Number of protein chains: 2
Amino acid sequence: MNDKTEAPGSWDYCNNSALKRASRQLGQLYEEIMAPSGLRATQYALLTQIKLGGATPLKTLAEAMVMDLSALGHTLKPLLRDGMVELVPDEKDRRVKRVRLTESGEAKWADAQLLWRDAQGRFDRAFGKEAADALRQTMNLISSGDFAEAFTHAKGDVTK
Amino acid sequence: MNDKTEAPGSWDYCNNSALKRASRQLGQLYEEIMAPSGLRATQYALLTQIKLGGATPLKTLAEAMVMDLSALGHTLKPLLRDGMVELVPDEKDRRVKRVRLTESGEAKWADAQLLWRDAQGRFDRAFGKEAADALRQTMNLISSGDFAEAFTHAKGDVTK
DNA sequence: TGATTTTACTGGCATATGCCACTATATTTG
DNA sequence: CAAATATAGTGGCATATGCCAGTAAAATCA
């Protein structure tokens, strides 16, 4: 008799664990659908963001993705290597490099976009479209600088 | 004039991107508070789970964490190296290895737990305790096998 | 019971992320 | 303007995760 009755886990108490676990699960689900495109879910998200923002400075992109600048750099490597994106120096400020989609990148994105719609559609059906909209809003709140601010300034442990 | 007006991003449309981004942000916030303990948030979550479940087979732990078995193995390496946990062979089934906390691990966990309470307290204050409870429930739903089932069997793209 | 299949783990390889140190530019100051 | 400081990226190192190809041991089948 395997404990099908789901023993309690850290995710029942810890907000961070719960979010991470759900993120892994959802990532797997999207990833599985997107696989045929040859793009990882994160890469697709990155391409989408670059497509939306045009030639974007790395710093700006990193902030938008709520990602460390160096992490962004690392994550872009495979995409650069595969010619999906390219870096162009900013003319005004020579410290700045902007990322933009190449033609290959645009094409690949268009392909992947079809698969993404599939995954997104499945989520909306399984979770409910309204609920999904609300979920994204909640996630975006947590991702906001205002929230980080509130978290950081909140007094912590209030046990007892 | 920097576009403070937050241009739209993939997270406004994609559930997965939104969840990942929030997960990165929240991870950073918890991580910053937990840092003094010398444990990463994920490691703390793992220790907590092992503490809750006792000597647990790797497979079982991986499933509970919604994590790939090999990923779990990799993630456990630093904790094994630092003597926080140890592997003990299962007596009945020689294929199985169980993980359990060492004394050091128990002690470290107790330390980290104080910091975790701080982070958790901040979240509850910034986000609202009720809302946090609901959030965890939602995350646990997404992490459930039932949800994966529903997602997988749902027809995807319905772009007409 | 011996061959086949399934199950639990390990190790190698690749991407995802973060921190820190260092370099090249800008910007601010004295 | 020259020196000090701040900003944008890069590269190295470490953890987080996943996939795939073994390996060993248990369960099933013929």
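Every chain is numbered from 1, with letters handed out A, B, ... down the list of sequences. From a predicted model like this one, the values you see are computed outputs, not experimental measurements.
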Picking from [options], which would you name as closest to the side chain of [X]?
X	options	value
A/Thr75	D/dG18, C/dT10, C/dA16	C/dA16
A/Val96	D/dT15, C/dT17, D/dA8	D/dA8
A/Asp68	D/dG18, C/dT17, C/dC19	C/dC19
A/Ser70	C/dA16, D/dG11, C/dC9	D/dG11
B/Leu87	C/dT10, C/dC19, D/dA16	C/dT10

Quick one: [X] [atom1] to [N] [atom2], roughly how many Å, whole number?
X	N	atom1	atom2	value
B/Leu76	C/dC9	CG	P	11 Å
A/Leu46	C/dT15	CG	P	14 Å
A/Lys77	D/dG12	NZ	C1'	10 Å
B/Arg40	D/dA14	CZ	C1'	8 Å
B/Leu80	C/dT10	CG	C1'	13 Å
B/Leu58	D/dT23	CG	C1'	16 Å

For this session: Please tell me which of A/His74 and A/Glu63 maps to the more 5' nucleotide of DNA chain D, matching each residue to the nucleotide holding its nearest heavy atom.
Result: A/Glu63
Verify the contact: side-chain N or O of [X] to OP1 or OP2 of [N], cut-off strictly under 4.0 Å; return yes or no.
X	N	value
A/Arg81	C/dT15	yes
A/Lys97	D/dT10	yes
A/Thr42	D/dT17	no

Exercise. Can any side-chain N or O of B/Arg21 pair as donor or acceptor with the backbone N or O of A/Ala64 at less than 3.5 Å?
Worked result: yes
Exercise. With the sugar-phosphate defined as primed atoms, P, OP1 and OP2, and the base as all remaining atoms, what B/S/- string results for nucleotides 21-28 of chain C, 5' to 3', for protein heavy atoms under 4.0 Å?
Worked result: ----BS--
Exercise. Would you say A/Asn15 and B/Asp124 make side-chain contact, with heavy atoms under 4.5 Å?
Worked result: yes
For this session: Could you check whether the rings of A/Phe151 and B/Tyr30 sit parallel, tilted or perpendicular, using 30° and 60° as the cut-offs?
Result: tilted
Problem set entry | Cationic N near anionic O, under 4.0 Å, A/Lys92 to A/Asp90 | no
Exercise. When you look at A/Leu115 and A/Leu39, which way does the side-chain contact (heavy atoms from CB on, under 4.5 Å) test go after all the steps?
Worked result: CA-CA 10 Å; A/Leu115 295 174; A/Leu39 284 179; over 6 Å; no
